[in-house]
Amino acid sequence: MSTESQVNRMEKIVSLCKRRGFIFQSSEIYGGLNGFWDYGPLGAELKRNVKELWWKSMTRLRDDIVGLEATIIMHPSVWKASGHVDTFSDPMSTCRSCKKLVRSDQVWDMLETTPWAEAVRSCAPGGVADREALLKWAKGKGQRLVPNFALVKDPETMLGRLSERSAEAPGSQQHLLQILCTADPSGPLSMPCPHCAGELTEPRPFNLMFKTYVGPAATEDDIAYLRPETAQAIFVQFKNVVDSSRVKVPFGICQIGKAFRNEVTPRNFTFRSREFEQMELEFFIKPDEVVQAQTGGIAKLPEGELPGQPEANWGWEMWHKYWVEERLRWYESIGLKRSSLEEYWQKPDELAHYARATVDILYKFPFGTQELEGIAARSNFDLTQHQTHSGKSMEYFDQEANLRYVPHVIEPSAGVDRLILALLAEAFEEEEVVDEKGQKEVRTVLRFHPRVAPIKAGIFPLLKNKPELVSKALEVRDLLRPLMNVFYDDGGAIGRRYRRQDEAGTPFCITIDFDTIGENGPEKKDTVTLRHRDSMKQERVRIADLPAYLLSQTS
RNA sequence: GCGGGUAUAGCUUAGUGGUAAAGCUCCAGCCUUCCAAGCUGGCUAGGAGGGUUCGAUUCCCUCUACCCGCUCCA
């Protein structure tokens with residue numbers, strides 16, 4: 001639940017994002033577009049840094065993962081095979097009384113365990129209504145439990161309706177509930193709202209996949225979808241990667257890219273957008289039977305211990321835990337405190353049909369603790385689906401084991417945009433500082449980890465109207481510019497320039513002063529003030545030492 | 001999609017059926033030897049479309065976007 005101060009904090013973050021050029025509304029001059037956001041100059045740098053760090057940690061720093069960059073529009077069969085065509089178009093109904101939105105296909109399941117529905121069913125054993133029991137319930141308990149229920153509002157009329165409508169209701173409890181909740185005697189029967197027993201609207205399809213047409217004819221036959229996730233492209237190209245890259249199971253294929261979902265409700269700033277970017281890894285492993293056969297046993301992780309480095313006898317459970325740990329460590333490496341993160345192991349009844357286990361990595365956003373990444377053990381569901389639908393073998397020939405199998409997969413799947421939002425939320429701080437006159441004031445600072453900070457260093461001549469300072473500062477800028485993103489600024493008082501960089505999250509500021517140009521003795525010549533964002537402390541550093549120092553801090 | 005709230009300058013907020021105000025930010029200049037200093041000048045605003053009216057930012061309607069809830073999930 002978001003408290004008022006948390007909502008307020010979120011508003012300040014949104015406002016800062018706009019003011020400093022991190023995130024803008026898409027198409028803002030035309031009134032914006034629901035669920036779409038743009039990154040401004042600082043946001044673009046931040047996002048690029050994050051993606052590069054992920055890509056580097058996945059591919060370049062490991063020898064068991066390779067990259068892929070696939071198209072956004074793929075053959076429509078991909079989405080039939082993956083199940084998205086079916087599962088991404090849920091029929092939904094709204095309750096006319098309590099206004100809640102429910103999935104139409106889940107209504108009867110939900111009613112199985114709903115107390116008020118149980119009570120009604122117990123008054124109609126086998127679908128045969130006990131009118132007296134129903135009347136008693138409607139005038140008693142029903143009044144408190146479900147005042148929106150048509151039967152409760154007008155028991156006599158609704159019970160009368162039972163016999164009028166009996167032709168349509170051949171003695172089932174479902175039909176009984178439908179008759180008793182439908183107020184209009186001439187209209188079609190409604191479904192009851194599981195929450196309040198009010199009437200639900202007709203089911204309307206909610207299509208979560210964006211449709212488009214391939215080719216100018218734009219007929220029904222040309223329908224294609226913008227991908228709702230990047231993962232499927234990896235499965236679809238699995239064979240090509242195996243055949244071209246000399247990879248051996250266990251190995252992974254990773255991808256960063258845009259995905260699109262027609263979300264019912266885009267909400268919470270960029271957290272749930274209709275166009276968003278994912279960073280996904282599909283890590284292919286041997287089926288447990290194969291590991292068992294090869295090593296004589298599957299490794300078990302003692303309670304409370306971490307997996308450590310991969311071993312030949314790891315089954316899917318070890319690999320899954322390994323990736324959870326790897327991912328958590330990565331989040332810490334870019335500046336999300338472990339205490340701001342939460343691990344959530346989905347319960348068996350929450351798991352998607354293809355998943356054996358799923359761990360969500362959650363971040364404590366100001367608007368609530370929400371998912372950044374899901375790490376799913378998906379068995380060999382996806383490859384098998386594509387094998388079935390395409391008719392092409394997805395089997396891998398394992399030379400060591402001398403057999404063929406469809407590999408299983410562990411899938412760490414992260415949302416880039418919500419991670420950016422998490423980094424902003426984590427970094428945002430309003431600090432009370434005392435100025436030289438002893439006045440308290442608020443310093444707004446983004447405490448980004450230097451690795452992700454959009455600007456690594458601000459470079460300032462102490463005074464703008466002293467050409468020696470300006471030219472020396474430009475020299476320092478030119479020294480550092482090829483190595484990292486730096487920002488030269490000579491506008492306004494030095495303190496103001498520091499504070500501007502604080503709001504941009506720049507970890508270091510370099511000031512070229514009279515010492516630098518040798519006015520105060522040769523020993524101080526070619527040294528600069530290095531000012532640290534978080535402590536606001538300053539130190540004297542030789543220009544020659546700057547590149548190595550800054551690189552060590554920011555990479 | 002449904003319900004509730006909101007919409008004035010880059011930001012935060014005034015005010016008004018008759019020329020829209022301020023602070024901060026930003027830009028230019030002067031000045032300035034290390035934490036939003038000072039002086040001068042400057043840019044910039046009532047989400048969009050209709051209606052009522054002599055005249056609408058203000059009243060009415062429609063739409064859009066944002067925030068909160070239902071729902072969904074990377």
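Atoms considered below: every heavy atom in the structure, side chains included; atoms not considered: hydrogens, waters and symmetry mates. Lettering of chains follows the sequences in order, A, B, ..., and the numbering in each one begins at 1. It should be emphasised that the depicted structure is a prediction, and the values quoted were computed from it without experimental measurement.
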Partner of [N] by Watson-Crick or G-U wobble geometry, both contacts under 3.5 Å, or none?
N     : answer
B:C66 : B:G5
B:A45 : none
B:A36 : none
B:C11 : B:G23
B:U58 : none

Any donor-acceptor N/O pair under 3.5 Å between B:C35 base and A:Arg497 side chain: no

Would you call [X]-[Y] a salt bridge at under 4.0 Å N-O?
X        : Y        : result
A:Lys466 : A:Glu519 : no
A:Asp513 : A:Lys524 : no
A:Lys472 : A:Glu475 : yes
A:Asp502 : A:Arg531 : yes

Test ring pair (Phe, Tyr, Trp, His ring centres under 6.0 Å) applied to A:Phe381 - qualifying residues, sequence neighbours left out: A:His353, A:Tyr354

Residues that A:Phe365 engages under ring pair (Phe, Tyr, Trp, His ring centres under 6.0 Å), provided they are two or more places apart: A:Phe271, A:Tyr363, A:Phe367

In B:G46, glycosidic geometry as syn within 90° of 0 or anti otherwise: syn

In whole Å, I'd like the distance from the [atom1] atom of [X] to the [atom2] atom of [N].
X        : N     : atom1 : atom2 : result
A:His84  : B:A74 : NE2   : C1'   : 11 Å
A:Ile13  : B:C66 : CD1   : P     : 18 Å
A:Met10  : B:C67 : CE    : C1'   : 11 Å
A:Gln370 : B:U71 : CD    : P     : 13 Å
A:Glu441 : B:C24 : CD    : C1'   : 13 Å
A:Met209 : B:C72 : CE    : P     : 18 Å
A:Leu16  : B:C26 : CG    : C1'   : 15 Å
A:Leu200 : B:U71 : CG    : C1'   : 13 Å

[N] versus [M] - spacing of their [atom1] atoms, nearest Å:
N     : M     : atom1 : answer
B:U53 : B:C59 : C1'   : 10 Å
B:G29 : B:A45 : P     : 24 Å
B:C66 : B:U8  : P     : 14 Å
B:U64 : B:C31 : C1'   : 48 Å
B:U32 : B:A22 : C1'   : 28 Å
B:A56 : B:G15 : C1'   : 15 Å

Quick check for you: among [options], whose closest atom lies nearest to any side-chain atom of [X]?
X        : options             : answer
A:Arg272 : B:A36, B:A65, B:A74 : B:A74
A:Arg499 : B:C68, B:A74, B:C35 : B:C35
A:Gln25  : B:C34, B:A36, B:C66 : B:C66
A:Glu503 : B:A36, B:C73, B:C34 : B:A36

side-chain hydrogen bond (donor to acceptor under 3.5 Å, both in side chains) contacts in which one or both residues fall within residues 252-264 of chain A, not counting sequence neighbours: A:Lys258-A:Glu275

side-chain hydrogen bond (donor to acceptor under 3.5 Å, both in side chains) pairs, two or more places apart, involving residues 15-28 of chain A: A:Lys18-A:Glu28, A:Arg19-A:Glu503, A:Arg20-A:Glu503

Could you pull out the protein-nucleic contacts involving nucleotides 42-45 of chain B (nitrogen or oxygen on both sides, under 3.5 Å)?
none

A:Asn268 vs B:C67: side-chain N/O to OP1/OP2 distance below 4.0 Å: no

Phosphate contact (B:C26 OP1 or OP2) by A:Arg496 side-chain N/O below 4.0 Å: yes

Assign [X] to base, sugar-phosphate, or nothing according to its heavy-atom contacts below 4.0 angstrom with the strands shown.
X        : value
A:Glu275 : nothing
A:Ala414 : sugar-phosphate
A:Gly35  : sugar-phosphate
A:Glu373 : sugar-phosphate

Does [X], at its [atom1] atom, have more than 12 non-hydrogen atoms belonging to other residues, nucleotides or ligands within less than 6.0 Å?
X        : atom1 : value
A:Arg329 : CZ    : yes
A:Glu69  : CD    : no
A:Tyr549 : OH    : yes

Any residue meeting side-chain contact (heavy atoms from CB on, under 4.5 Å) with A:Ser82, in chain and number order, not counting sequence neighbours: A:Trp79, A:His84, A:Gln232

Derivation and outcome, salt bridge (Lys or Arg N to Asp or Glu O under 4.0 Å), residues A:Arg499 and A:Glu431: CA-CA 12 Å; A:Arg499 295 299 171 83; A:Glu431 186 188 58; over 6 Å; no

Sort me out a list of protein N/O and nucleotides 46-49 of chain B N/O pairs below 3.5 Å, or just none if empty.
none

Of [range], the positions that come close to RNA chain B - non-hydrogen atoms, cut-off under 4.0 Å:
range                       : answer
residues 509-528 of chain A : A:Thr511, A:Asp513, A:Phe514, A:Glu519
residues 418-432 of chain A : A:Arg418
residues 462-474 of chain A : A:Leu462, A:Leu463, A:Lys464, A:Asn465

Residues which pass salt bridge (Lys or Arg N to Asp or Glu O under 4.0 Å) with A:Glu343, listed by chain and number, not counting sequence neighbours: none

Atom pairs under 3.5 Å, N or O on each side, protein against nucleotides 2-12 of chain B: can you list them with distances?
| residue | atom | partner | partner atom | Å |
| --- | --- | --- | --- | --- |
| B:C11 | OP1 | A:Lys18 | NZ | 3.1 |
| B:C11 | O3' | A:Ser15 | OG | 3.2 |

Point-to-point distance, once rounded to the nearest 0.5 Å, from CD of A:Glu371 to CG of A:Asp360: 4.0 Å

Residue mapping more 5' on RNA chain B - nearest nucleotide basis, A:Phe269 or A:His532: A:His532

Aromatic centroids of A:His408 and A:Phe284 separated by under 6.0 Å: no

Pi stacking test for A:Tyr498 and B:A36: under 5.5 Å apart, planes under 30°: no

Aromatic ring pairing A:Phe260/A:Phe210, orientation class (parallel under 30°, perpendicular over 60°, tilted between): perpendicular

